[in-house]
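Data first, discussion second: the structure below is written as structure tokens.
In what follows, chains are A, B, ... by sequence order, proteins preceding strands, each numbered from 1. Here the structure is a predicted model, which is why all the values come from computation and not from measurement.
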There are 2 protein chains.
Amino acid sequence: MAKRVRTTRTGISDVAARAGVSLATVSRVMNGNQTVDAQIAERVRIAASELKYQPNPTGRNLARGKTDTIGVVVPDLGNPTFQGVLRGVSRAAAQDGYRVLIADSSEVSSEEAILAGEARRRCDGVVLCAPRMGAAELEELAPSLHPLVLVNRATNATGSPSVIVDYGRGIQDLAAHLVGLGHTRLAYVAGPASSSSHRLRLAGLDAFKASHSGIEVQVFSNGSTFEDGHSSAGDVLASGATGIMAFNDLTAMGLLSALNERGIRVPEDLSVTGFDDIPFARYTTPPLTTATVPIQDVGEQAWAQMKELLNRAPNAAAEAGEPASTTFTPTLTVRGSTAPPPGKG
Amino acid sequence: MAKRVRTTRTGISDVAARAGVSLATVSRVMNGNQTVDAQIAERVRIAASELKYQPNPTGRNLARGKTDTIGVVVPDLGNPTFQGVLRGVSRAAAQDGYRVLIADSSEVSSEEAILAGEARRRCDGVVLCAPRMGAAELEELAPSLHPLVLVNRATNATGSPSVIVDYGRGIQDLAAHLVGLGHTRLAYVAGPASSSSHRLRLAGLDAFKASHSGIEVQVFSNGSTFEDGHSSAGDVLASGATGIMAFNDLTAMGLLSALNERGIRVPEDLSVTGFDDIPFARYTTPPLTTATVPIQDVGEQAWAQMKELLNRAPNAAAEAGEPASTTFTPTLTVRGSTAPPPGKG
DNA sequence: ACGGATTGAGAAAACGCTTTCTCAATCATT
DNA sequence: AATGATTGAGAAAGCGTTTTCTCAATCCGT
């Protein structure tokens with residue numbers, strides 16, 4: 001048999017041989033370890049660049065016990081919200097030399113835990129977006145995922161910070177805006193019952209009702225897609241409400257579209273609000289009044305928390321106390337889809 | 001010093017010990033190697049599940065020389081086109097047990113080569129979306145990235161398949177549609193000069209002009225964003241053209257918005273087309289006539305090609321001949337933003 | 001019942017690095 | 001000049017798997 005034809009890329013030992021030093025020294029130089037004589041270091045650097053040597057990350061990963069990679073698990077890469085989170089995390093992490101592995105559960109909620117575990121094993125930590133996962137399951141899963149940062153979820157499990165959006169506050173601002181315009185009959189076209197951010201909106205509306213006795217707030221169950229919004233038009237019109245808060249921008253757009261088909265004018269006949277302020281919300285007709293969520297900042301903040309966790313000594317969790325969670329409060333963005341109700345202009 | 005407190009997770013040797021077999025046997029069982037006695041295999045499986053053993057991917061990666069991960073490099077995660085590609089690749093790859101590492105060059109074109117190389121070292125292959133990269137640079141880079149699949153780019157470098165969209169064909173279909181409606185004065189609101197897909201559109205338009213002598217086709221240089229489209233309104237109106245083809249849906253939406261502000265009616269006064277058919281194209285006012293690009297299929301196909309490359313023996317490249325590239329042809333999607341020109345209705 | 005095939009499992013050698021351990025050589029100190 | 005402290009680089013031990021080697025124990029045919 002031939003002499004084992006060189007199949008593998010140029011490795012650290014090639015550099016060592018060429019520079020006439022040991023592997024250890026090459027490693028030291030490549031890692032900026034200062035305990036190497038300047039002359040030798042230079043020789044190594046030259047050898048490395050002549051050979052175009054680039055350390056093999058896998059070998060490194062194994063030796064160092066880390067991968068400089070974090071996993072981001074999302075329910076749907078097609079959803080603007082998660083796209084924003086992903087983008088924010090990815091860019092922020094890149095600044096610190098980390099990469100992102102994505103895991104798209106394709107809305108198959110039963111896969112989420114598995115995907116997340118998988119991702120965790122391959123990465124140094126995971127950012128989890130799992131709006132539909134049950135609280136119990138999340139709580140059980142969290143410890144095994146540590147370092148873990150939750151997006152729009154909280155858990156009692158210790159040591160896992162969250163970055164969350166105050167949906168309850170946002171929807172109250174929206175409701176207040178409508179009431180301020182003169183609306184007294186409001187309706188909320190709800191999101192999926194299993195969605196935790198939907199439940200936060202509901203709680204916000206309860207709080208709102210408690211402090212605004214004259215105001216009616218109906219709730220229609222529904223979903224989170226354009227089509228869901230579209231198909232809710234019938235219920236909405238039958239309700240007699242004049243101020244409609246859709247679960248999010250997408251459903252608001254669906255509703256807008258259905259209303260348009262039926263000849264209902266927005267905002268003259270009906271006011272409609274969205275939620276999130278996705279990039280296209282400003283381009284609808286009329287432009288959508290919505291609660292703006294700085295979603296990319298959410299992603300960036302998620303990375304900031306992750307970084308914090310990563311920099312902690314592995315066993316420092318307890319001594320350092322609970323990691324700080326962050327809350328973003330949506331800001332009201334008034335555009336053309338809201339106006340005083342008919343007759344109150 | 002204490003006895004080296006167990007810091008590491010449960011590993012293959014724990015399982016081996018518990019099952020009373022060697023590491024090799026555990027490995028064989030975990031990998032479905034059939035040369036293990038059924039009884040022993042069962043014992044190992046039980047031990048593994050009792051210990052909740054999960055193989056460490058990094059160790060595995062090193063031993064097997066592969067990572068079951070591919071890199072996807074895109075210029076901007078905020079761009080619907082690349083989001084679509086990413087989603088397609090990610091889902092298709094997941095089907096085959098592969099994960100995706102993302103690299104977002106943030107439009108910094110000088111970073112692309114570096115990011116791609118980085119990604120390649122960490123992964124088994126890379127899918128490259130680099131519409132602005134110079135042909136020469138691409139050609140030089142390609143071999144070092146192999147296995148490499150190009151999206152919307154081709155290269156002479158051997159062994160790297162592409163999946164491309166026939167933008168030239170698509171814009172001709174759009175032009176033909178406008179001409180069919182009676183327009184004789186067309187304008188193309190161009191994309192970035194450095195964009196290769198923009199050049200393909202230009203070539204398509206040249207072909208179109210060659211075969212339609214009576215038709216005027218003006219070209220305005222511009223960009224690829226909503227704002228670029230918005231700011232092109234002045235030129236467009238001054239041109240006297242009645243059928244406007246925007247570089248893509250985003251610029252079309254910008255143009256639509258600017259026209260709306262100026263009281264120009266679409267499609268009554270002016271017809272406007274987009275390109276790509278991004279998810280929101282159907283929700284503009286009026287809904288956008290556009291060339292539909294099955295962008296997620298592009299991503300899936302990119303994975304299919306990658307899989308093909310991965311399954312080839314490392315040195316089989318030559319014998320297997322050139323890998324097949326794929327072309328997707330956009331389909332014309334007529335919506336409300338196009339109509340006969342004024343006076344020809 | 002005996003040699004030659006097969007099976008099946010353990011020992012050990014990769015995989016490509018990092019890092020601890022060691023120890024020779026240099027330096028500073030009295 | 002003798003001793004202890006410091007510097008700097010090589011040897012070697014991991015890191016957690018997979019896979020090749022090896023070899024003992026079965027199996028088969030005659």
Side-chain angles (χ1 to χ4, degrees), chain A residues 1 3-45 47-48 51-69 120-124 314, chain B residues 1 4 6-45 47-48 51-69 120-124 314:
Chain A
M1 188 181 290
K3 213 187 174 188
R4 158 84 117 123
V5 65
R6 152 168 231 54
T7 173
T8 164
R9 326 174 25 92
T10 117
I12 199 172
S13 58
D14 299 303
V15 179
R18 176 174 258 256
V21 299
S22 72
L23 306 194
T25 299
V26 175
S27 174
R28 286 191 267 255
V29 173
M30 298 305 289
N31 292 297
N33 189 321
Q34 290 300 332
T35 75
V36 176
D37 181 90
Q39 299 243 344
I40 297 188
E42 188 54 17
R43 224 163 69 214
V44 169
R45 265 189 289 272
L51 295 170
K52 295 197 200 315
Y53 168 69
Q54 309 266 179
N56 172 319
T58 304
R60 250 166 165 247
N61 291 345
L62 186 57
R64 311 204 307 188
K66 58 185 299 236
T67 62
D68 295 345
T69 302
R120 177 60 186 83
R121 249 168 283 127
R122 296 191 120 73
C123 303
D124 299 343
Chain B
M1 188 182 290
R4 158 84 116 123
R6 153 170 231 54
T7 171
T8 166
R9 326 173 27 93
T10 118
I12 201 172
S13 59
D14 299 303
V15 178
R18 177 175 257 255
V21 299
S22 71
L23 307 194
T25 299
V26 175
S27 173
R28 286 191 267 255
V29 172
M30 297 306 288
N31 292 296
N33 188 321
Q34 289 302 332
T35 74
V36 176
D37 182 90
Q39 298 242 344
I40 297 188
E42 188 55 17
R43 223 163 69 214
V44 169
R45 265 188 289 271
L51 295 170
K52 295 197 203 313
Y53 167 70
Q54 309 263 181
N56 172 317
T58 304
R60 236 157 180 256
N61 290 345
L62 185 57
R64 309 204 306 187
K66 56 185 300 233
T67 62
D68 294 345
T69 302
R120 176 60 186 83
R121 248 168 284 128
R122 296 189 119 74
C123 303
D124 300 342

- Note on the structure: Going 5' to 3' through nucleotides 5-10 of chain D and flagging B where a protein heavy-atom sits under 4.0 Å of the base, S where only the sugar-phosphate is that close, and - otherwise, we get ---SBB
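Inter-axis angle, ends of the helix from C/dA1-D/dT30 to C/dT30-D/dA1, five pairs per end, rounded to 10 degrees: 30°.
At distances below 3.5 Å, not a single donor-acceptor pair connects side-chain atoms of A/Asn31 with backbone N or O atoms of A/Arg28. Put simply, the side chain of B/Thr69 gets close to the backbone of B/Thr67: a donor and an acceptor are under 3.5 Å apart. Formation of a donor-acceptor pair under 3.5 Å by the B/Arg43 side chain with backbone atoms of B/Ala19 is found in this model. The backbone N or O of B/Ala63 lies less than 3.5 Å from no partner atom in the side chain of B/Arg60, so there is not a single donor-acceptor pair. Side-chain atoms of B/Asp124 come within 3.5 Å of backbone atoms of B/Asp68 as a donor-acceptor pair (strictly under, hydrogens ignored).
In this structure, B/Asn31 atom CG and D/dT19 atom P are separated by 7 Å, rounded to whole Å. The CG-C1' distance, from A/Asn33 to C/dT20, rounds to 12 Å in whole Å. Rounded to an integer number of Å, the gap from A/Arg122 CZ to D/dT17 P is 13 Å. Look at CG on B/Asn56: it is 17 Å from P on D/dG14, rounded to the nearest Å. To the nearest angstrom, P of C/dT19 lies 11 Å from CD1 of A/Ile12. Whole-Å rounding puts the A/Leu62 CG to D/dT17 P distance at 9 Å. For the pair A/Asp68 CG and C/dC17 P, the interatomic distance rounds to 15 Å; values are reported in whole Å.
Of the residues listed (B/Val26, B/Val29, B/Val21), the one engaging B/Val36 in a side-chain contact (heavy atoms from CB on, under 4.5 Å) is B/Val29, and it is the only one.
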- How far apart are the C-alpha atoms of B/Asn61 and B/Arg122, what are their side-chain angles, what is the distance that settles it, and do they pass the side chain to side chain donor-acceptor pair (under 3.5 Å) test? CA-CA 10 Å; B/Asn61 290 345; B/Arg122 296 189 119 74; over 6 Å; no
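Along DNA chain C, the nucleotide closest to B/Arg43 and the one closest to A/Arg60 are compared, and the more 5′ of them pairs with B/Arg43.
Shown here for A/Thr10 and A/Tyr53, the closest heavy-atom pair between the two residues is O-CD1, 3.5 Å.
In the set D/dC15, D/dT18, C/dC17, the nucleotide with an atom closest to the side chain of A/Tyr53 is C/dC17.
Two residues are said to be in side-chain contact when any heavy atoms from C-beta on lie closer than 4.5 Å; A/Ile12 and A/Ser27 meet this criterion.
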